[in-house]
Each structure stands twice: as structure tokens, then as C-alpha cells.
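A quick write-up on the structure given underneath.
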Amino acid sequence: MKIPVRKFDAVVVGAGGAGMRASLQLSEAGLSVAVLSKVFPTRSHTVAAQGGIGASLGNMSEDNWLWHMYDTIKGSDWLGDQDAIEYMCRMAPQVVFELEHFGMPFDRNADGTIYQRPFGGHSANFGEKSVQRACSAADRTGHALVHTLYQRNVRARTQFFVEWMALDLVRDAEGDVLGVVAMEMETGEVAILQAKATMFATGGAGRIFAASTNAFINTGDGLGMAARAGIPLQDMEFWQFHPTGVAGAGVLITEGVRGEGGILLNCDGERFMERYAPNLKDLASRDVVSRSMDQEIKEGRGCGPNKDYVLLKLDHLGPEVILKRLPSIREIALKFANVDCVREPIPVVPTIHYQMGGIPTNIHGQVVAPKQGDHKAVVNGLYAVGECACVSVHGANRLGTNSLLDLIVFGRAAGNFIVEQNLQRRSHKPLPAGAADAPLARLARLDGAASGEAVAEVASDLRKTMQAHCGVFRNQQLLTEGVAEVLALEARVGAIAIKDRSRTFNTARVEALELENLIETAKATVISAEARRESRGAQARSDYPVRDDANWLKHTLWYRDGNRLDYKPVNLQPVSVESFPPKARTY
Amino acid sequence: MKFRIYRYDPEKDDRPYVQDYDVALDPHDRMLLDALIRVKAVDDTLSFRRSCREGVCGSDAMNINGKNGLACVTNLNELKEPVELRPLPGLPVIRDLIVDMSQFFMQYHSIKPYLVNDSPAPEKERLQSPEDREELDGLYECILCACCSTACPSFWWNPDKFVGPAGLLAAYRFIADSRDQALGERLDNLEDPYRLFRCHTIMNCVDVCPKGLNPTQAIGKIKDIMVKRVV
């Protein structure tokens, strides 16, 4: 079958914070760039980020990028690569100032500088006390950021392919990536977008879990495409539970609430975080707070008729602070929890929020996969940035505000690196024969399937399975069963059917294709988690409660082919400063 | 719960029709979007956009019992049955509840929706007082859902010439920004019988905005500045 081929210097898949920060560099440098997005760019999930973007501006009190670096390493439970973390924290002030220059409407201090609020795990002087490092635009920082980046891309005349879904990578016999096969949702037409540089900025896959703060579009499309192309996924066992999702609804309540002074209470009205983290209390790292909440609920100190949530109290901040700094939180609490947080506490539970793992990259955004013993070998032509990538700055647990920072620092770095490659002077490598065969076969199977299970049913079972077997606390039995159940679900995914036969905006088909990406992410997660017999960051195992640096201070790599696992060392060596060696992690 | 939903698939339907659905809801279903997902589980051919499910991405704007709104933040308790769902009015329908928003975004792009400041950037942030920053409140929060513009009769009649409430709100967001240096050009860009002045303060935009914003007020402020410039 002959399908159209369109040629660009660079193709970026995904138009959230990372994709649009990268495309801005590319467009402004004069490259021909196509940015594909399943949704209009400002609807990308970055828009839902609330609390802030971390940078040691020192606008509120003394701060230092080295302290930020230390907090990030400690937050990562030493699984983060220290060269990448150093780069991110050093670059943070500059990239935030750039966003301000682009027009981002940050909140301000009386002296006109950017307002910064406290956030979990951020400290001054290597853990001594909390520091105000989160640069914020009320509780809509992600919205302000993604709109600003879209606006700046409009100015740079970036070419967006809105409501296009990438289906698979094109890789030639030498393993080089030459673009993507993609589908225009409005017409159902399939095309090859050929590129000298292909970048994934497809976000996370939080929709593999039943209770998630994530948008419906977060289905791990980049992960699925990478896995099918033979590229390993790194550290996929590490999923962050955000301490404060609205109980029952899953909608996010920013850590900025606790940053501004909100506290967590159990059914006795006790501020229980004082017991678990005497120093930073409610502003300890997210994994620590989520586990503490889970523990409280498990020990019968949860609130409500079923004792299955805790309370987030913020009424003592007063209406003025709430309306000025946390206006959307009030709106969300009113709409999704039926409470006015100016007067009453919000019922909250730990809720899946962020994927620390992803497609392995170096600090230029180049995708790396082991080759003949070299674990830093580059996959030519392929880049990944943002939540879909694992560089790795978040290690086993991400600090709040470091996700927006990751998007901007590495989106920009990858954009700059591609610009330096002088792609305009190079010609496109020839496409291999049958470049689009695999995705076309998947589409044909879907369109031809006369009967089979409904997508919604299989997807729902997958989410329930992941929720039950890969939760806050894990153990061998749960994980072993989880692996078996997910593998059984994989067979069901292979036999799904849709009734919608239209080519025009066929959302049933899109959801079926998304499910094929979700299952890859789920397999990577549960298989990696089953194998890792220690507790580190977000992977908490009741049967192996202690971090085991002797055996497990290493990154997991999962390959789709045979569900094979491999490991590679963590880089404990920063570029210009001394290493922060692993030590006990208390808050 | 009973629904009457506008259906149209250009590949098989000569004209749009209304389809009735009666679906069983789960006790946890709170919002209209939850119910729509139940409908889609029964009939996967029903097409609509959705993403964040918390009212911040702007994907699932539609006409709900005659009024534009976001399905994800419309509580089912507030809805009279059967719930009548139609695509946003005034824009071409692609399929079912999905409209072609090109014209809406073209108008948004036409106001140059980005900060213009040609002075050399300082090493740190450009300073802005909290008072100047407050001028942007009620403006920058727009989610581009198009509820307002597609509720506006002036936009219905002249979607190619009238910028519409969302675009004008964005125009004022940059006019009001103490860091922006393009006031003159921005006003010139709107100095026309249609682009700005087709607003007849009907205020449907204010009535439907799911974020509680007030485009009419922003438009009034642009008109004031325009008048002062002439005087």
C-alpha cells in the first residue's frame, strides 16, 4: 500500500512543555519542524500542573543550585544520575528567567521578582530546613507555562499537526530512526513523516492505573512505540503516588497547598506527618508522605465512613491566601469533593501521578540503548524528552516542581543539540521498504475484527490489575500474580474489536491504539517491579523493606522482546562537583 | 439516565439526527463526562473530545441543555433529563460533538497572542509589581475551550471578521501586561468596524465561561483605551 511521505528536518511527537520547548529552539533556528499532537497543544497534560517550577533563584531567602541538586539526589533515593541532575539544577534559574521573558505570568514579590513557595523535599543547606524554591503562577503554573510556550511557538511559526497520532517509529536495518508513521484523526489518513531527527515528547502513561491524576490522553504512546521498535524502557517500576488526589475522583490537589501551610490530619485530628518526618513534616518527599498516609489508613486512622482517606486542612490559611495563591484548588474542592476548603478540609488519598521511568536518554535527549557492552550507545536519529524520557533526574522518586523543570531544561537542551547537528545540510536517509507495514497491519486488524472484546472493558481490567498489584506497598505475591495477570491481559488486548468503522474522527480506533501502548507500559512496570527486591523511593516492598545499595543501586532496562530485563549502573559522578554518596534518607 | 445526543458522521449520514440513550450510571459518576464515557462504552461510535477531566484543558466544550459548558465540570445533579447534547453552535461539525475549531484559533492567532518586548532581556527576570501582575488576573486563565465565542451572536454572524470574546480577552491580556511594548500595534490591529466593535455587550460569553472569566469587561477596557487614544 502506497502512503504519502512528508519530509521535515525534525519531527516532534507531543506538544506539551517538553515538546514545545524543543520545537521553539528548532523553529527559531530555521529548521523545518513538524509537531504532532493528539490534542490541540494547550490541551496537553502539562496544562494541569499546578504548584510550580523549581529553580534556586533565591528570591525569598538564600538558595543555591547545589542545594537543589542535593535535594533532587536525595529525593531520587540515589537512583538519579548525578551528571544529569547537576545539569538540570544549574540550568534551572536561566530557563525560568527565559520563560519569564517569553511572557509567562509568574506571581510576584513586592520587589517585582518572581514569587516562590515552599514544596516537598526542597531544603536549604543540605536538608537543614525548608526553602521557597517553587516559582509559581498561582496554582496554575502548568497552564501558564504551556500557554506561554504555545504563544511563543505561534510567534516562531512552528508547524503543528493538531490531532495527529503517531503510530510507530520507522527504523532502518542499521537501527537508525527515520521518522514516524502517523494518523490524522479527522480523516483517518495515514502518512509517513520522515525526519532527520525524531523526538518523543509524549508524556507519561498514568492511565495504566485506575486512580490517577492523569488526563485521558496519558497513554504512554511514546513508550509503546519505543518498545515495539526494540528500544528498552528504563526504571519503569518507579511510579509516583501523589499524596493528595481528591478521594474518589483522583483529581490533583497541589503540594503547594502544604507549601502554603496546609497540613494532613488523621481521624484523631492528629498531624501525623510529625511522627514520620520530624523535620520537614508535611513537606517531606512525596513517596514518604504517600506511604505515611497509606500506613495511617491501614492502621485504622483513616477518615470518613469507610476510614479510607485522610484530610487536608487549609482553612487556617485564611480566605485571602487561598483565593490569591490557591484559587483553582478551591474550585476543584468545591466541584469534585463538595467541600469549601476555606472552611472545611479536603478528603485526599495517594493517587498515581507521575512515571519516573521511561525511554533512556543522555542529557542531550538522545535515546541510548546498550550495544555491544556500551550502555551509552546512541540510537541514531531518536530523541526523547519530558515524562516519557528517563535521563535520569528523578531516579526512584521525583521532587515536586522538578517535572516542569525537566520538561524545560531537557526540551531546550535537546532542541539546541539538534540545531547544532546542522540537519539542513544533510539529506534524508532512504526509507526502508515496508516502513509503515507494522502499524498498517495493526489498523487493518482493528478495522477487520468482526468480533472481540470491547476496548473499554479490557482497559478497565488492566487499570484494576495495575492498581491492585502495583500500589503504594508491594510484595512478591502481589507482583508475581500481577505479572501473570498483565500477561493474560496482553492476549486480550491482541483480540480487541471496535464497532466504529468510520474513518472520520474515529475515537474508538484511537482508544484501541492507545490500549496497545498502555499494555506495553504495564508489562514494563510490573515485570521490572517484580524483579527489584528492595525498597527504594516509590518502590516500597513490604517483603524487602530496606534499600539495598550493594545489589540494587542500578537502573532497570526492560525489553519487550521476551520481557527480558537488563541493568546498567547509576552515574554517581557529577560533572563539576563532588559526588553525593548514598546515605540514609530521612526527612 | 436519559440523553438526547446530536449525531452526525459525514461518511454515512446525509444529515444530522438525534439519538436517544438511556444508560445506567455508577454511584461514583459525578460529572457529565463520566456519563458520556458510560454512553461510549455502550456505543463506541459516539465521538467527542476529552482529556484532563478537571476543567483545565478545554477539550470537552459542548452545548448542554442549550447552554455551552465543559462536560467534565458539569455536575449531573444540575441537569434536567433527557440531557440534550449538541456540538458547540456556529462552527462546522466534523462528527457528532466534535467541531472544526480552525476559525476560532485563526481569530486567536490574529491578535498576536504573545508578549512583545524588544528590549534586551535582563540577566534575571523582568521586574513586575504585584499590582501590575494583578492586572492579568481574570485574563491569562483562559483555556481556549470556545464556549464563549460560540455563544456569541456576533461571532456566529461574522466568525471571519469579528475576533470574538476569547480572542479579545487574549488581546487585552497582552495590552494589560506591563512588560508588553506593542500597545499601539495591538490597538491598530483591532481598529476596524468588525474586529472589536462587533461586540454588542450581549454578555453570553460571561454567562457561559467555565472559568468564570469576563471577556465583555476586557473588551470594554480595550474600547476605553481606543477612545482615549483618539481624544
Side-chain angles (χ1 to χ4, degrees), chain A residues 39-40 42-45 47-48 57 93 96-98 100-103 105-115 137-138 140 142-144 147-148 150-152 154-155 186 215-217 248-249 251-252 328 331-332 335-336 454-457 498-508 511, chain B residues 9-12 28 30-31 37 40-41 43-59 73 75 94-96 98 100-101 105 108-109 112-117 121-130 132-133 136-137 140-144 173-174 177 179-180 211-212:
Chain A
V39 293
F40 183 77
T42 62
R43 317 212 191 287
S44 305
H45 193 53
V47 77
L57 307 187
V96 167
F97 292 141
E98 279 175 359
E100 194 283 326
H101 299 157
F102 293 165
F106 284 108
D107 289 355
R108 300 291 172 152
N109 296 308
D111 65 358
T113 56
I114 294 170
Y115 168 75
R140 309 183 180 98
H143 171 281
H147 279 258
T148 301
Y150 177 68
Q151 292 160 354
R152 197 75 181 177
V154 169
R155 178 179 175 269
E186 183 178 337
F216 283 104
I217 55 172
V251 176
L252 174 68
S328 301
E331 202 181 308
I332 286 171
K335 285 187 171 136
F336 289 93
V455 174
E457 218 164 287
I498 54 174
K499 296 201 185 79
D500 194 342
R501 288 282 178 264
S502 178
R503 291 176 63 79
T504 306
F505 229 116
N506 186 330
T507 50
E511 288 180 22
Chain B
D9 176 356
E11 281 179 37
K12 59 182 185 60
H28 294 294
R30 169 187 293 267
M31 300 295 181
I37 288 164
K40 192 163 174 65
D43 177 1
D44 73 10
T45 67
L46 177 68
S47 300
F48 53 91
R49 295 186 174 108
R50 85 284 181 271
S51 184
C52 75
R53 60 85 169 84
E54 59 191 53
V56 70
C57 81
S59 295
V73 288
N75 198 302
I94 296 173
R95 180 177 174 182
D96 298 341
I98 297 175
D100 179 350
M101 297 182 72
F105 289 123
Y108 174 68
H109 293 156
K112 300 208 163 112
Y114 42 82
L115 191 84
V116 175
N117 186 321
E123 283 165 55
K124 296 190 167 185
E125 66 267 60
R126 289 198 167 94
L127 299 180
Q128 184 174 46
S129 71
D132 283 343
R133 168 60 185 77
L136 307 183
D137 285 343
Y140 81 94
E141 301 93 325
C142 172
I143 58 173
L144 299 176
R173 177 250 173 274
F174 291 100
D177 195 321
R179 300 168 295 174
D180 190 83
K211 305 309 285 183

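When each of A456(A), A110(A), S328(A) is scored by its heavy-atom pairs under 4.5 Å with chain B, the top score falls to A110(A). Interface remark: of the candidates V116(B), I143(B), T45(B), D44(B), D44(B) forms the most heavy-atom pairs closer than 4.5 Å to chain A. Contact tally against chain A (heavy-atom pairs below 4.5 Å) for P130(B), S129(B), C52(B): the top residue is P130(B). For the set G58(B), G212(B), G55(B), P10(B), the entry with the most heavy-atom pairs within less than 4.5 Å of chain A is G58(B). Ranking N109(A), I114(A), L252(A) against chain B, the residue ahead of the rest is I114(A), based on heavy-atom pairs under 4.5 Å. Note: R173(B) leads M101(B), K112(B), R173(B), H28(B) in heavy-atom pairs under 4.5 Å with chain A. Contacts with chain A were tallied for N75(B), L115(B), D96(B), D177(B); L115(B) has the most, counting heavy-atom pairs under 4.5 Å. Residue with the most contacts toward chain A among P113(B), S51(B), A121(B): S51(B) (heavy-atom pairs, distance under 4.5 Å). Interface summary for chain B: among A215(A), S502(A), A508(A), the most heavy-atom pairs under 4.5 angstrom belong to S502(A). Between chain B and the options R108(A), R155(A), K499(A), heavy-atom pairs under 4.5 Å are most frequent for R108(A).
At a 4.5 Å heavy-atom cutoff, the contact between I37(B) and chain A is made by side-chain atoms alone. Of the two parts of E331(A), only the side chain, counted from C-beta on, holds a non-hydrogen atom closer than 4.5 Å to a non-hydrogen atom of chain B. N506(A) touches chain B through backbone and side chain together, each having a heavy atom under 4.5 Å away. Only the side chain of R30(B) comes within contact range of chain A, judged by heavy atoms closer than 4.5 Å. For D111(A), the part sitting under 4.5 Å from any heavy atom of chain B is the backbone (N, CA, C, O) and nothing else. Of the two parts of E123(B), only the backbone, made up of N, CA, C and O, holds a non-hydrogen atom closer than 4.5 Å to a non-hydrogen atom of chain A. Contacts of N117(B) with chain A are absent, with no heavy-atom separation under 4.5 Å from either backbone or side chain. Proximity to chain B is absent for every atom of E98(A), based on heavy atoms less than 4.5 angstrom apart. With a 4.5 angstrom heavy-atom cutoff, K12(B) does not touch chain A via any of its atoms. Looking at A454(A), there are no atoms closer than 4.5 Å to chain B (heavy atoms on both sides), in backbone or side chain.
Of all heavy-atom pairs spanning E11(B) and R503(A), the tightest one is OE2-N, 2.8 Å. Contact between F505(A) and I94(B) at its shortest, heavy atoms only, is CD1-CG2, 4.1 Å.
Although no hydrogens or angles enter the test, the distance criterion places no donor-acceptor pair under 3.5 Å between the side chain of E54(B) and the main chain of I332(A). Put simply, the side chain of H143(A) gets close to the backbone of C142(B): a donor and an acceptor are under 3.5 Å apart. For the pair R95(B) (side chain) and T504(A) (backbone), a donor-acceptor distance under 3.5 Å is present. Counting only distance, with no hydrogens or angles, the side chain of R43(A) and the backbone of L144(B) share a donor-acceptor pair below 3.5 Å. Proximity of a side-chain donor or acceptor of H101(A) to a complementary backbone N or O of K124(B) within less than 3.5 Å is detected. One N or O on the side chain of R179(B) and one on the backbone of G103(A) form a donor-acceptor pair closer than 3.5 Å.
Taking CG of D100(B) as the reference point, atom CD of E186(A) lies at 6.0 Å (rounded to 0.5 Å).
Every residue two or more places apart in sequence or in another chain that forms a ring-ring contact (aromatic ring centres under 6.0 Å, His included) with F40(A) is listed here: Y150(A), F105(B).
Contact of the K335(A) side chain with the M31(B) side chain is registered, since non-hydrogen atoms from C-beta on lie closer than 4.5 Å. In this structure, V39(A) and R49(B) have side chains that are not in contact, with every pair of non-hydrogen atoms separated by 4.5 Å or more. Y108(B) places none of its side-chain heavy atoms less than 4.5 Å from the side chain of V154(A).
For the residue pair Y140(B)/R140(A), the side-chain donor-acceptor check at 3.5 Å is satisfied.
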Q: Please report the C-alpha distance between T507(A) and K40(B) in whole Å, then the side-chain angles of each, then the deciding distance to 0.1 Å, and finally whether the side-chain contact (heavy atoms from CB on, under 4.5 Å) criterion is met.
A: CA-CA 10 Å; T507(A) 50; K40(B) 192 163 174 65; 2.8 Å; yes
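The pair E100(A)-R133(B) does not meet the salt-bridge criterion, since no charged nitrogen lies less than 4.0 angstrom from a carboxylate oxygen.
Tested against T113(A) for a side-chain contact (heavy atoms from CB on, under 4.5 Å), the candidates R126(B), E125(B), Q128(B) yield a single pass: E125(B).
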